[in-house]
Amino acid sequence: MLRPRVRTVRVRMLRTLRDQLENSIGDVLAEMDCSVEGSLVELQDAAEEERGLLATPVAHRLAGQLGRSPQAIAEEIVDRQRLPDEIDDVEIVNGFVNYHVDEPAVFRGIVEAVVETGDRFGAREDGRRIVADVSAPNVAKPLHVGHLRNGVLSTALANVFEHRGHEVITDDHIGDWGLQFGNLMYAFEEMGGSEKKLESEPIEHLLDLYQAFNRRESELEAAGKDEEVDALRDAGREWLVRLQDGEERAVELFERFHEVSLARFDETYNLLELSFDHRYGESFYVREGWCDRVIERALESGVAREGPNGEIVVELPSDDPEKDVDEFVLLTADGTTVYGTRDLATIEFREAEFDPDENLYVVANEQDEYFQQLFEVARRMGYDADFYHVSYGLVNLPDGTMSTRAGRIVTARETYDATFERALEIVDETRPELDSAEREAIAHDVALGTMKFEMLKVSRRKDITFDVEEATSFEGDTGPYLQYATVRAKKIVEKAGEEDVPPVPEEPTINDLDFQLAALLGRFPLVLAECEEEYDATPLATYALDLAGLFNTFYAHNPVLDAEANRDTRLALTAATHRVLTLSLDLLGINTLDRM
RNA sequence: GGGCGUGUGGCCUAGUGGACAGGGCAAGAGGUUCCUAACCUCUGGACCGCGGGUUCGAAUCCCGUCACGCCCGCCA
């Protein structure tokens, strides 16, 4: 691998050029006595190549305020402005000011900045401490494609935020408590649970029982047998109470379900190469007294009150005009906790354990309203960290929504298997000379890259329809497209056989494509900032596609190793591109390959 | 009924006030004596759900309306 040659020359990235221009415009506006907000002097990338690299519409925005034409204002600004060295030429078109940059100088600045900073390109330091609630599968249920989206999004966000200087602590908030376990225990005991099946195919068996319970409930409901519905529900509830009271059989069942489920989660996480810092399940908060503590705190602070049947609730304003208040329940009349209790207990615990500046919840958008309520209760109780719900859309299948209750479910594992199988076919076809172990290793990385990129390329609020057929075409906007471009760049640099990335000459000879590629590299830090702002990885995912696409175009038209005069220039550009592509994929949580 | 979210070419999608709305898939036409064609080039295809409004300027902001999804449990 090439190492960067250390240079003493101060490099200037596109970012600082933008800053300089913005400051320069700000200075002029101050002289002209305009009241400006920061946003008035923001520069945008020019819409067209011929109009320069950077442009500002500031004259348009001031036209109303100053009562003069945009054209006249633009002319005055340009007249009085002190321009950075890298600006070659300025023109005014329809009141827009277009700055043409000295392309060779900017090219050199960006490429050298990337080569010198390497893995730290776009990095920052000294951010906040963030605790993120992630993944959160339920015991006794499989990891499905929704968890895949969660895990992939969470990982990418954590990576980006860490790169930007924040400390991120991810906590896999396992669903291992609650009424569903009461129901499940009842089903196991009374509806055909089998220790043998629990041994051989645990999740499948538990899922069967869970679905059987829900099926019976629905059937009784449909038949109008209200008293039997109530009896069934009471039976499930009773098991939860037994568990909470520590009754032997209930605890024994709980431990068994827990054990087999976590073993399966680990297996799948390992396969998908996902990992999180902590895994405190909901049961932890009940059993370690955090629920009791938080209920007490809510009562003492007067945020919660006790109701007529011994339940403890917080009253929140209701959106529904029919109702005055919504009750946020902390303790049921049975004396059991609900999910809201456990989420508050989690907040209490995380404050004591991690003292975060911000709490993130990567949870699907079904729970949007709930999190608004949870955060409101938390604020009333005086937790001073910020709270943010990173809400994301559901993952559907081409034939409709998944539903655990109805039994339509596609597991993460099945999705991987199908994707891997298709990837292996292609590798077998294209790289027959490799041994089968290596072909499988490549197929694995490609399969993971495919699945993960499918989850990241769509902005998080939108639902995804996951179509295995389409995802595994491996062409166009896919993970393998990114991986392939990265391998190409890497191979060129390796084939050059030089120890260091060659320096870019003072006055590099570059064409349009060379420059555009460098300019795109310079945008990388801005893209990361956008991800931070949006709490989304999609800006980075689409950036990586743009970069890979532009590199492929560059690669097809601009010879690197065979270039005559500017071989070193292009080699440095290729090395810089490889670094930014690799860094992008690393942050997205997608593996890069040595060959494919 | 109320709340939240989404609506962009045949299909999927980027884009939260700026200069002719980017990509991808699918369709059609080309491209490998040269760094791996999981690639590249070109062509056709969009009144950005609909109607108003704000603005010099709206896919983007506001109001209304329609469609779809989700939520409105002492379930999670």
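Remember, predicted model here, so these are calculated numbers, not experimental data. Lettering of chains follows the sequences in order, A, B, ..., and the numbering in each one begins at 1.
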Using the rule for Phe, Tyr, His and the six-membered ring of Trp, do A:Tyr555 and B:C35 stack at under 5.5 Å and under 30°?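 Stacking is present between B:C35 and A:Tyr555, given that their ring centres fall under 5.5 Å apart and the planes under 30°.
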Quick check on [N]: is either OP1 or OP2 less than 4.0 Å from any side-chain nitrogen or oxygen of [X]?
{"X": "A:Arg342", "N": "B:A76", "result": "yes"}
{"X": "A:Arg461", "N": "B:G5", "result": "no"}
{"X": "A:Tyr481", "N": "B:C40", "result": "yes"}
{"X": "A:Lys462", "N": "B:G7", "result": "yes"}
{"X": "A:Thr553", "N": "B:U41", "result": "yes"}

By nearest nucleotide on RNA chain B, pick out whichever of A:Val458 and A:Asn552 is the more 5' one.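 Per heavy-atom nearest nucleotide, the more 5' residue is A:Val458.
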Please confirm whether A:Arg488 makes a cation-pi placement over A:Tyr484, using NZ or CZ under 6.0 Å from the six-membered ring centre and within 45° of the ring normal.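 The answer is yes; both the distance and angle limits are met.
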If you look at every strand shown and take non-hydrogen atoms under 4.0 Å, does A:Pro70 touch a base, only sugar-phosphate, or nothing?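 It contacts nothing in the nucleic acid.
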When we call it a touch if two heavy atoms are under 4.0 Å apart, what does A:Val338 touch: a base, just sugar-phosphate, or nothing?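 Here A:Val338 touches the backbone only, sparing every base.
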Using the side-chain heavy atoms of A:Pro57, tell me which of these nucleotides is nearest: B:G18, B:A38, B:C74.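 Taking heavy atoms from C-beta onward, the closest nucleotide is B:G18.
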Which nucleotide, B:U16, B:C35, B:G15, lies nearest any side-chain atom of A:Ser459?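 The closest nucleotide is B:G15.
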Answer with yes or no whether A:Tyr484 presents, from its side chain, a donor or acceptor under 3.5 Å of a partner atom in the base of B:A38.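 Side chain to base: no pair present.
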Heavy-atom donor-acceptor pair, A:Arg431 side-chain to B:U36 base, under 3.5 Å: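 Counting by modelled atom types and ignoring angles, a donor-acceptor contact under 3.5 Å is found here.
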Please confirm whether A:Phe257 and A:Phe181 have ring centers closer than 6.0 angstrom.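 Between A:Phe257 and A:Phe181, the centre distance exceeds or equals 6.0 Å.
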